[in-house]
There are 2 protein chains.
Amino acid sequence: MQYDLLITNSSILPLASDSTELIPGGYLASIGEDIVAMGPMTELPANAKATTTIDGTGTLTMPGLINTHNHAAMTLFRGLADDLPLMAWLNNHIFPAEAKFVNHEMVYWCSKLASAEMIRSGTTCVADGYFYEDAAAQAFRDTGMRAVAAQAVVDFPAPGVPDPADNIAMVEEFINNWQDKESLITPAIFCHALYTCSPETLQKGKELARKRQVPFFIHLAETEFEVQESIKEHGLTPTRRLYQLDLLDQNTIAVHCVWLNKEDQQLLATTGTKVASCPGSNMKLASGIAPLAELEQQHVVIGLGTDGCASNNNLDLFAEMDLAGKLQKTKKLDPTLLPAPTILRMATSGGAKVLGLDEKIGCLAIGKKADCIILDLKGANLTPFYGANLLPSAATGYDVQTTIINGQVIMRDRKITYFDEMKTMTKVRELAREIKAPT
Amino acid sequence: MQYDLLITNSSILPLASDSTELIPGGYLASIGEDIVAMGPMTELPANAKATTTIDGTGTLTMPGLINTHNHAAMTLFRGLADDLPLMAWLNNHIFPAEAKFVNHEMVYWCSKLASAEMIRSGTTCVADGYFYEDAAAQAFRDTGMRAVAAQAVVDFPAPGVPDPADNIAMVEEFINNWQDKESLITPAIFCHALYTCSPETLQKGKELARKRQVPFFIHLAETEFEVQESIKEHGLTPTRRLYQLDLLDQNTIAVHCVWLNKEDQQLLATTGTKVASCPGSNMKLASGIAPLAELEQQHVVIGLGTDGCASNNNLDLFAEMDLAGKLQKTKKLDPTLLPAPTILRMATSGGAKVLGLDEKIGCLAIGKKADCIILDLKGANLTPFYGANLLPSAATGYDVQTTIINGQVIMRDRKITYFDEMKTMTKVRELAREIKAPT
């Protein structure tokens, strides 16, 4: 049997269901983009050969993590201004920096840097939404990252879109550029929010998404203020407004969903709307705690996201797993909420469903794309290791030693082999120096 | 000028005040246990030589982190049973495992493992409280870890103390064994809680602590249940009870302090009682959110702790820094609370004050002990680096590349050189196999 890639002697964590059972001493093999065989080493065909064999002794192999919300290029603004009131942070720091520094080159290099950080911390698929999304999609392609790349839409002049009247046409052009062109890249549309897009823009955007069968992202109910303003102005919660505008369906991804009342939650559940939850961002920006336990009970499909780097200051989905679980337990004073298997599912197959990619990715199974990460279990922080339920609360991105996307080894033994990470960091440091002198 | 140790070309973060200003391109030098010189490289004496010179190009040197609450040996129970109701977790899993598996050998090896994890993640001083604390103190000494080691006291038969009547005498013997014997080890007493120690035991314990001038640790107001029961039984909050028993003073460290009313907070402030806050543990066990912002306003001295590993599943104080800040912002929906400089202070000089060690450690300054860590700033997760305020939300324990305690290099370039980490992990894995078959 000839494979392209073969991982041997690793504990395999398929996560094909909510079970976190391992195949101890297992193997996983891929040909081209696809997983073609896996199981205990005792079942590895005697004549198995591979172009690349990775000895996985002392490791665990699991599906790559799926980051369902990012503004990747915002790595440039990491730590630029923190601990400020939301409006001061946005109006005095982030928006001016974006107006001045966001361009095609910036988005390309800073999205590449985001890819490097995500690949290092075990993310193999990201949903991104930003300006100059063509440049972001190029960055993801060039770093070997699987991505749902969504061109951002707002109803005011924005980087790359001086006239908002051109918005929807531009998104269509973006979709034309990327749909069915690269196996790693899925184009999408990201209408920023109800308070930045008119109902007409939102409806046109969703119409386009339906016509072209691409995901439709929108920030929803991130802050209490947003909900209060919506009720004041329209007599409706933001979620109810989206419903009335016929924007909720199985291909809409509502991002944040921190402030939902019971009816809002039901609307998301009955329409099959997906949720991208970003606990780290919601904490850093003091937005609040999303009702993930309640949404879970109503079988809403939930994925985890980091949000843009400046809203979090890191892109490590292992940290988001830890936060998501611990935060929900804290909110309700109930340690049984969001147990480890649920959290692991949200970061893998849940994320895949959110992005409509669950036929391809989200678990380790024959026929799925070979998107997987190999964790070093020999570190002090993972000793002893009684089982995979330990991962959300004890593993960090650094425990990832090898990252494989679409059958391609992108990072091996913590060295990114697929692109020049050093050059990427040097480029971003040059851009950063224009914003603020280094200390 | 002849130094023992010299770090060159590193950004020095002294943290001698709440300022997070850096000395870019700096050096730090030690002789024996002490920092003897530091400043910009331009001020390094031309004739400077050192037994060990560390080129710190691309790094940041800061005070080692101080973990103000741990039960180090509980690394053995990491991930043994999670996501359970508190009482089921304790009564069905932790207490039985402790009764069966805690002995001198277990505490020695499992505390050593905790040291390895802490050294790797930048902790240079830990406050520990457990049974067989002699073994823990030996483990800290043998791993080069600075420690306040506190023998645990409960009023029921416990590991190593079959007859609780012997408790206080045993603590006195423990103090005799360690006081002024080793520069790294400070003995102390840890009376577990108001609900596990009688008033007489607590008062005898505190009397001994006063006589021998050692720190007195006690869990306080960790859960809402504890407060409700105390009010039901005694008509007083736990904090008020401690005050009435004359147990609150500048050498008492109250651990957790999640459920404090305004009067409780004032009692801690006016008595100068110190607080060890463990946000990760309070989240995992669903205890709640400590009122750190309010305690800060009242100038209560606060340090951060991980709590025992099983209550957290990791011992990374960088994670606690991130949680402490983000959690407080979330609780009050105010992003300005506990800004990065405050968080960094809690994890360094605040922790030193909590433990009564602030004359020796907690910041980088001439005359202080050389307890410092060198962070690699070249990683994708710390790029770009606009300043040290980024650290709590973007750095993880893994960014620590070198750890120095008391002038001694314990870990260099992520390799622990001071003791045999592999042997330690092997020993703990053997102990773990007795509890649960490996997966």
Side-chain angles (χ1 to χ4, degrees), chain A residues 11 22 24 75-76 78-80 82-86 89 113 116-117 120 224 280 282-289 312-316 319 322-323 326-327 329-330 332-336 339-340 378 380-381 383-387 389-390 393-394 396-398 421 425 428-429 432 436 438-439, chain B residues 11 22 24 75-76 78-80 82-86 89 113 116-117 120 224 280 282-289 312-316 319 322-323 326-327 329-330 332-336 339-340 378 380-381 383-387 389-390 393-394 396-398 421 425 428-429 432 436 438-439:
Chain A
S11 288
L22 292 162
T75 49
L76 186 63
R78 183 202 307 271
L80 180 62
D82 294 326
D83 305 317
L84 293 169
L86 186 65
W89 178 70
L113 175 66
E117 187 182 354
R120 288 199 163 276
E224 193 175 18
N282 300 155
M283 293 179 85
K284 177 169 183 285
L285 303 179
S287 306
I289 305 175
N312 190 325
N313 280 346
N314 74 76
L315 300 177
D316 182 350
D322 191 33
L323 289 176
K326 282 183 170 151
L327 193 56
K329 296 171 196 302
T330 308
K332 299 276 191 167
L333 301 183
D334 180 351
T336 69
K378 298 181 295 299
N381 60 316
T383 303
F385 188 79
Y386 293 115
N389 286 345
L390 181 65
S393 53
T396 74
Y398 182 73
E421 186 187 16
M425 290 198 285
V428 175
R429 286 196 195 101
K436 197 172 163 183
T439 48
Chain B
S11 288
L22 292 162
T75 49
L76 186 63
R78 183 202 308 272
L80 180 60
D82 294 326
D83 305 315
L84 293 168
L86 187 64
W89 179 71
L113 175 65
E117 188 182 353
R120 287 198 165 277
E224 191 174 19
N282 299 155
M283 293 179 85
K284 177 169 184 283
L285 303 178
S287 307
I289 305 175
N312 189 325
N313 282 345
N314 74 76
L315 300 177
D316 182 350
D322 191 32
L323 289 175
K326 282 182 171 150
L327 193 56
K329 295 172 196 302
T330 307
K332 300 277 190 167
L333 301 184
D334 180 352
T336 68
K378 299 182 294 300
N381 61 315
T383 301
F385 188 79
Y386 294 114
N389 287 344
L390 181 66
S393 53
T396 75
Y398 182 72
E421 186 187 18
M425 290 198 283
V428 175
R429 285 196 195 102
K436 197 172 165 184
T439 48

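For the numbers below, each heavy atom of this structure counts, side chains included, while hydrogens, waters and symmetry mates do not. Per chain, numbering begins at 1; letters A, B, ... match sequence-line order.
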#### Entry: Option that, when pairs with chain A are counted at under 4.5 Å, heavy atom only, ranks first among B/Leu390, B/Leu84, B/Leu323, B/Thr383
B/Thr383
### Query
Out of A/Leu86, A/Leu76, A/Leu285, A/Asn389, which one racks up the most heavy-atom pairs below 4.5 Å with chain B?
A/Leu76
### Task
Output the option from A/Ala380, A/Gly397, A/Gly288, A/Ala394 having the highest count of non-hydrogen pairs under 4.5 Å with chain B.
A/Ala380
#### Entry: Which of A/Pro384, A/Ala319, A/Ala116, A/Gly280 touches chain B most, by non-hydrogen pairs under 4.5 Å
A/Pro384
### Message
Heavy-atom pairs under 4.5 Å with chain A: which of B/Thr330, B/Asp322, B/Asn282 has the most?
### Response
B/Thr330
### Message
Under a 4.5 Å cutoff for heavy-atom pairs, which residue among A/Ile289, A/Val428, A/Thr75, A/Leu113 has the most contacts with chain B?
### Response
A/Leu113
### Distance (rounded to the nearest 0.5 Å) between A/Lys378 NZ and B/Glu421 CD
12.0 Å
### Query
Of all heavy-atom pairs between A/Arg78 and B/Tyr386, which one has the smallest distance, and what is that distance?
O-CD1, 3.3 Å
#### Entry: Among the listed options B/Leu327, B/Asp82, B/Thr396, B/Leu80, the residue most often paired with chain A at heavy-atom distances under 4.5 Å
B/Leu80
### Most contacts with chain B, counted as non-hydrogen pairs under 4.5 angstrom, among A/Lys284, A/Glu224, A/Met283
A/Met283
### Query
Is A/Lys326 close to B/Asn312 at the side-chain level, that is, under 4.5 Å between some pair of heavy atoms?
yes
### Query
Just by distance, do the side chain of B/Lys329 and the backbone of A/Asp83 share a donor-acceptor pair under 3.5 Å?
no
### Query
What's the shortest heavy-atom distance between B/Ser393 and A/Asn314, and which atoms?
O-ND2, 3.0 Å
### A/Asn381 (side chain) donor-acceptor with B/Leu315 (main chain) under 3.5 angstrom
no
### Message
Is B/Leu333 in contact with chain A via its backbone, its side chain, both, or neither, using a 4.5 Å heavy-atom distance?
### Response
both
